[in-house]
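Worksheet: the structure to be examined is printed underneath.
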Number of protein chains: 2
Amino acid sequence: MFSFDQLRGFVAVAEELHFGRAAERLSMTQPPLSRQIQKLERTVGVQLLERDRRRVSLTAAGEAFLIEARRLLTLAESAPDHARRISAGSSGTLRIGFTAASSYGPLGGLLNRLEEVLPEINIELFEMVTREQVAALLNEEVDLGLARPPFDTELFGSRVQHRERMLVAVPEGHPLARHAGPVAAEELVDVPLIMHSPTRARYFYDLVVRLVPISHQNVVHTVSQVLTMVWLVAAGRGVAFVPRSATGLGIDGVVYLEIADLPEDPVELHLLWLRESRNPAVRRALEAWPPEGAALP
Amino acid sequence: MFSFDQLRGFVAVAEELHFGRAAERLSMTQPPLSRQIQKLERTVGVQLLERDRRRVSLTAAGEAFLIEARRLLTLAESAPDHARRISAGSSGTLRIGFTAASSYGPLGGLLNRLEEVLPEINIELFEMVTREQVAALLNEEVDLGLARPPFDTELFGSRVQHRERMLVAVPEGHPLARHAGPVAAEELVDVPLIMHSPTRARYFYDLVVRLVPISHQNVVHTVSQVLTMVWLVAAGRGVAFVPRSATGLGIDGVVYLEIADLPEDPVELHLLWLRESRNPAVRRALEAWPPEGAALP
DNA sequence: AGAACATGATGCCAGAAAGGTATCATCTTA
DNA sequence: TAAGATGATACCTTTCTGGCATCATGTTCT
């Protein structure tokens, strides 16, 4: 097999059509260059240059080989660069898992920011619930997650990316909807409830149970996705506790009411990543996208 | 710069994920392979493989570089082959000059035959008169010509590729057109003549002068292209001597008449090439396309 | 025509580079 | 804890590559 030096030598001679000048361009002397070309021709098995003792010209095979040689050299030069960019995390692919609906806002911010800071990066999006995200992060099927606590802080790095208020969604025309001002928690004790699944939406379940004194006899549905909840409310099946971002879903027939005496913005969305992720783009993404409220560089 | 051996080494290790097995596959021992990879990583400037003393895995940069390395190797392997095929003349480009109109028939035969025998060849066609063809062949702007004698037989190889009859073209309704059977040469002495240029269509000029006793006072136009001649005849400007292939031009208002006592098929079309052509495809084309009448292989 | 010049090839040598063997360090497995 | 596995290192030998001097031959100028 020929070497890159031989290719460079051939390209130089093919461009100069003169061994001496080509050698000078390559910062070497003419004799080894002559031998380089001879050797190259021997390995290629074809005469590439016509030397008639006075002038040098390319054969037809040489013309063709020149194109391939140039391609090889440019490819060889760009390859390390490409690898370095990947390694620095400014290129490559970033796979992001996100929870439906409630992540849309923060996710948009992330995508815009990445587009701006790491334009060469290739982004893939996967909608999955928190539990699936955790599994996918462990399998390295995704690189980042937008999910709800809790997580194993040994394995995962995380940070609060978004906080929002908890509201109660009631059907239009429901007696509570006529209220002026926030609903008191006690008013919710006796209405039909659409509740989060304690297994598949554990974060919301725990949160609601902690914050509001609900009675489990009133639970008429148990679901895991916010979107499903709001649809059920719109259908008049009951009321539901949802994060403020649900108001952006654009579903008619639902009214969102404040709840009195709740902590400010108790619903947290976390950015989540595997601490030992082997994708260098993760680090770059974390730098590029500081937590909400932090100053951008 | 890295070497092809280093690339091969890296690809082998990346595929085996095991230095020992990769070395075996490359018919070498493990230590130099380890060094090859280290050196490669140094020149690329990035860690490509993760060795944690027990298992080997690719880094993100390694994944990317593996793709480039494979591409480089396959390109490097195919390049000599490509050059050799060009050199053998079974690939590459063949540029053919041809005279308008009268070459159409033989040219079609050549193109069909080349398509069949040298499917990888790329053909470019250039319409030019004989004189231009000769110049273009000398400048190596075309590789083959379809033209009329005479040529410098020192510089050019040639062979008769097509012979045809000489006819006289007369306007429809012309007195001669009422003839039954061939026109005698004497009948043409006193009609207006559209004649070939003695410089730009010297072959036809010489041929006609040799074969037919014409009187130069009757020459009303001097042109170089057969097509122009036939148009002028159709316009009633006079009569003209044309090769039989002109009947295929499909111009209305012209009648083609045989001429009595002419030699059989005096108009010759030659295939022409530069003896020292550097395009190997020329030789292949000459082999592929024997003179008319010769047996095809 | 002949001398000076230009140009690519060849012979020879020194330094660099690559591969092989032996061995080490460390991690896994029984 | 001992044996085995695996990649890295040390050291040596062989091969390769580049440089210098020189040759062979074709061009140009006087």
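Throughout, protein chains are lettered first and strands after them, A, B, ... in sequence-line order, and every chain is numbered starting at 1.
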Whole-Å distance, B/Arg51 CZ to C/dA25 C1', equals 16 Å
Quiz item: Salt-bridged, B/Arg21 to B/Glu24, with N to O below 4.0 Å?
Solution: no
### Contact under 4.0 Å: B/Ser34 side-chain N or O vs D/dA8 OP1/OP2
yes
Inset, instruction - May I ask you to test the A/Leu146-A/Leu271 pair for a side-chain heavy-atom distance under 4.5 Å? - result: yes
#### Entry: Side-chain heavy atoms of B/Trp273 within contact of B/Arg159, under 4.5 Å
yes
So do the side chains of A/Gln36 and A/Asp5 get within less than 4.5 Å of each other, counting heavy atoms only? yes
Salt-bridge test for B/Glu120 and B/Arg284: reply yes if a basic N is under 4.0 Å from a carboxylate O, no otherwise. no
**Message:** So, OP1 or OP2 of C/dA18: does either fall under 4.0 Å of a side-chain N or O from B/Lys39?
**Reply:** yes
Taking C/dG19, D/dT9, D/dG18 as options, the one with an atom nearest any side-chain atom of B/Asp5 is C/dG19
B/Gln30 CD to D/dA10 P, in whole Å, measures 14 Å
So, with a heavy-atom separation below 4.0 Å from DNA chain C, the residues of residues 12-26 of chain A are A/His18, A/Phe19, A/Gly20
Rounded to whole Å, the CZ-C1' distance (A/Arg55 to C/dA6) equals 12 Å
Checklist entry - Is the shortest heavy-atom distance from the side chain of A/Ile96 to the side chain of A/Glu124 under 4.5 Å? => result no
Side-chain atoms of A/Gln38 come closest, of D/dT9, C/dA9, C/dG19, to C/dA9
Q.
With a 4.0 Å cutoff (strictly under), does any side-chain N or O of B/Thr29 reach OP1 or OP2 of C/dG20?
A. yes
From CE of A/Met28 across to C1' of D/dG18 the rounded distance in Å is 6 Å
Just to be sure I understand the rule, does B/Arg35 reach a base, reach only the sugar-phosphate, or reach nothing, if contact means heavy atoms closer than 4.0 Å? base
From CG of A/Leu33 across to C1' of C/dT7 the rounded distance in Å is 13 Å
B/Ile37 CD1 to C/dG19 P, in whole Å, measures 11 Å
Inset, instruction - Find out whether B/Leu107 and B/Leu125 are in side-chain contact, i.e. whether some heavy atom of one side chain is under 4.5 Å from a heavy atom of the other. - result: yes
A/Arg42 atom CZ is separated from D/dC16 atom C1', nearest whole Å, by 13 Å
